[in-house]
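Notes for the one structure printed next.
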Amino acid sequence: MAVCGETRENTDNISDNVSDSISNAKSDDYHMQEIVDMLKKLKLNPMAKEFFPSSYNNNNNNQMLLSNFETANKVTYGLQNNRRRCTNYNQGKRRMNNRAYKAQREDSIRRTVYVSEIDNNVTEEQLAALFSAYGQVVDCRICGDPHSRLRFAFVEFADEYSARAALSLCGTILGFSPLKVLPSKTAILPVNPTFLPRSEDEREMCVRTVYCTNIDKKITQADVKVFFETRCGEVSRLRLLGDHVHSTRIAFVEFVMAESAILALDCCGEVLGSQRIRVSPSKTPVRPRLPRAMMQ
């Protein structure tokens with residue numbers, strides 16, 4: 001019986017402890033919920049004392065802070081509106097520029113014909129003279145290796161009617177090869193007018209200058225000069241250009257004599273370094289570089 005009494009007493013103690021624990025847990029939950037509710041309701045007040053020294057006059061500071069907040073809001077709202085207006089304006093302007101460029105390019109394509117199977121000895125001047133019988137020729141550009149059958153050209157007219165009429169020249173023999181003339185699918189990339197000759201002296205310089213492409217990046221300006229001087233004649237001025245984007249470089253080589261420039265065209269296809277170079281007549285002169293003092 002004593003054992004039974006002790007057992008009952010232990011059981012009562014355990015139940016009391018459990019009830020106390022439950023009540024404590026409920027009390028803790030209640031306090032925790034109070035804290036959560038208080039945090040939810042808590043909002044930082046910019047007019048609170050913690051945001052400015054107590055030495056400030058309350059009324060003046062209240063007015064100052066209110067005016068500052070209103071001014072800041074107005075400025076921010078104005079900047080956002082201006083930014084939105086500027087963005088919309090720039091997007092519209094860019095869209096208009098793209099449309100205008102696309103329309104201009106399509107018009108240029110309609111005024112251009114594609115000419116292939118051009119004889120190696122035919123020059124741009126001869127080709128332009130042939131097509132000028134059908135209208136005013138705005139531009140004529142021969143491309144490709146001058147020593148192969150892969151030469152082709154683009155001839156741009158002043159109007160679309162002349163371009164359609166020029167298609168009748170298909171099969172016309174110029175030099176020793178019949179031309180193939182088709183409507184063009186692309187426009188001639190315009191040359192920057194600042195690079196074109198500005199005087200008779202610069203036009204004469206172009207006659208003595210060749211344009212060389214596909215130059216190995218390891219080749220120096222001295223290497224290019226030696227290459228052309230040993231084969232063609234004395235070089236008076238040379239400009240070697242390149243960048244980190246393209247795998248090869250280009251050069252403008254001006255000779256002392258025009259005959260040397262004609263001989264240089266025969267160097268097209270020869271190996272310089274590890275690349276076969278391409279040589280064509282230059283449309284732009286090699287202008288001497290101005291000293292920095294004069295440029296400033």
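None of the values given here were measured: they were computed from a predicted structure.
- Closest approach of V256 and S236 over heavy atoms only: CG2-CB, 3.9 Å.
- Here the closest heavy-atom approach between residue A264 and residue V210 is recorded as CB-CG1, 3.9 Å.
- Residue E156 holds its CD atom at 11.5 Å from OG of S162, rounded to the nearest 0.5 Å.
- Counting all heavy atoms, side chain and backbone alike, T209 lies closest to T284 at CG2-O, 4.3 Å.
- Legend: residues meeting side-chain hydrogen bond (donor to acceptor under 3.5 Å, both in side chains) with Q126, ordered by chain and number and at least two apart, are absent.
- Residue L167 comes nearest to L182 through the heavy atom pair CD2-C, 3.6 Å, listed as atom of the first residue, atom of the second, then distance.
- The backbone N or O of D243 sits less than 3.5 Å from a side-chain atom of K217, completing a donor-acceptor pair.
- Checking side-chain atoms of E124 against main-chain N and O of I142 turns up a donor-acceptor pair under 3.5 Å.
- Between F255 and F228, the two ring planes are perpendicular [angle over 60°; tilted spans 30° to 60°].
- Residues I173 and S177 fail the side-chain proximity criterion, which asks for heavy atoms closer than 4.5 Å.
- Summarising the geometry, atom OG1 belonging to T248 is positioned 12.0 Å from atom CD1 belonging to I219; distances are rounded to the nearest 0.5 Å.
- Checked for salt-bridge contact, R111 and E160 miss the test: no charged N lies under 4.0 Å from a carboxylate O.
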Subject >> From CA spacing to verdict: side-chain contact (heavy atoms from CB on, under 4.5 Å), I277, T213 >> reply: CA-CA 6 Å; I277 61 172; T213 62; over 6 Å; no
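- With rounding to the nearest 0.5 Å, the separation of CZ in R141 from CG in L127 is 12.5 Å.
- Partners of E254 by salt bridge (Lys or Arg N to Asp or Glu O under 4.0 Å), not counting sequence neighbours, listed by chain and number: R208, R237.
- V235 and L265 fall within a single hydrophobic cluster, where Ile, Leu, Val, Met, Phe, Trp and Tyr side chains are chained together by heavy-atom contacts under 4.5 Å.
- Put simply, V113 and V122 are part of the same group of oily side chains (I, L, V, M, F, W, Y) that touch within less than 4.5 Å, one to the next.
- The side-chain heavy atoms of V224 and L272, taken from C-beta on, include a pair separated by under 4.5 Å.
- With sequence neighbours excluded, the residues forming a side-chain hydrogen bond (donor to acceptor under 3.5 Å, both in side chains) with Y134 are S168, listed by chain and number.
- With sequence neighbours excluded, the residues forming a side-chain hydrogen bond (donor to acceptor under 3.5 Å, both in side chains) with E202 are R287, listed by chain and number.
- Here the side chain of K180 pairs no donor or acceptor atom with the backbone of I118 at under 3.5 angstrom.
- Under the 4.0 Å criterion applied to side-chain N and carboxylate O atoms, D223 and K225 are not assigned as salt-bridge partners.
- Put simply, the side chain of S260 gets close to the backbone of C232: a donor and an acceptor are under 3.5 Å apart.
- By the criterion of side-chain heavy atoms lying less than 4.5 angstrom apart, applied directly or through intervening Ile, Leu, Val, Met, Phe, Trp or Tyr residues, V207 is not grouped with L238; the two fall into different hydrophobic clusters.
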Criterion side-chain contact (heavy atoms from CB on, under 4.5 Å) on M257 and E234, from CA distance to verdict = CA-CA 8 Å; M257 304 294 294; E234 185 179 354; over 6 Å; no
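- Side-chain atoms of Q275 do not come within 3.5 Å of backbone N or O of N214 as any donor-acceptor pair.
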Checklist line | Verdict with supporting geometry, D139 and V155, side-chain contact (heavy atoms from CB on, under 4.5 Å) | finding: CA-CA 6 Å; D139 198 357; V155 181; over 6 Å; no
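- Residue pairs satisfying the salt bridge (charged side-chain N to carboxylate O under 4.0 Å, His left out) criterion with at least one member in residues 125-135, sequence neighbours excluded, are absent.
- Contact between V137 and F157 at its shortest, heavy atoms only, is CG2-CE2, 3.9 Å.
- Looking at every heavy atom in both residues, T220 comes nearest to L240 through C-CD2, 3.8 Å.
- Looking only at distances, no side-chain donor or acceptor of R239 sits under 3.5 Å from a matching main-chain atom of V253.
- Under the 4.5 Å side-chain heavy-atom criterion for ILVMFWY residues, no single connected hydrophobic cluster contains both Y114 and I109.
- A salt bridge links R231 with E270: at least one charged nitrogen is closer than 4.0 Å to a carboxylate oxygen.
- Transitive grouping of hydrophobic side chains (ILVMFWY, heavy atoms separated by less than 4.5 Å) keeps V279 and I262 in distinct clusters.
- Its side chain within the 4.5 Å cluster rule, L241 clusters with Y211, I250, F252, V286 among the Ile, Leu, Val, Met, Phe, Trp and Tyr residues.
- Atom SG of residue C212 and atom CZ of residue R249 lie 11.5 Å apart, to the nearest 0.5 angstrom.
- D201 CG to C206 SG: the interatomic distance, rounded to the nearest 0.5 Å, is 11.5 Å.
- Of the possible donor and acceptor atoms, none in the side chain of D216 sits under 3.5 Å from a partner among the backbone N and O of G273.
- F152 has its side chain out of reach of V115: every pair of non-hydrogen atoms, C-beta onward, lies at least 4.5 Å apart.
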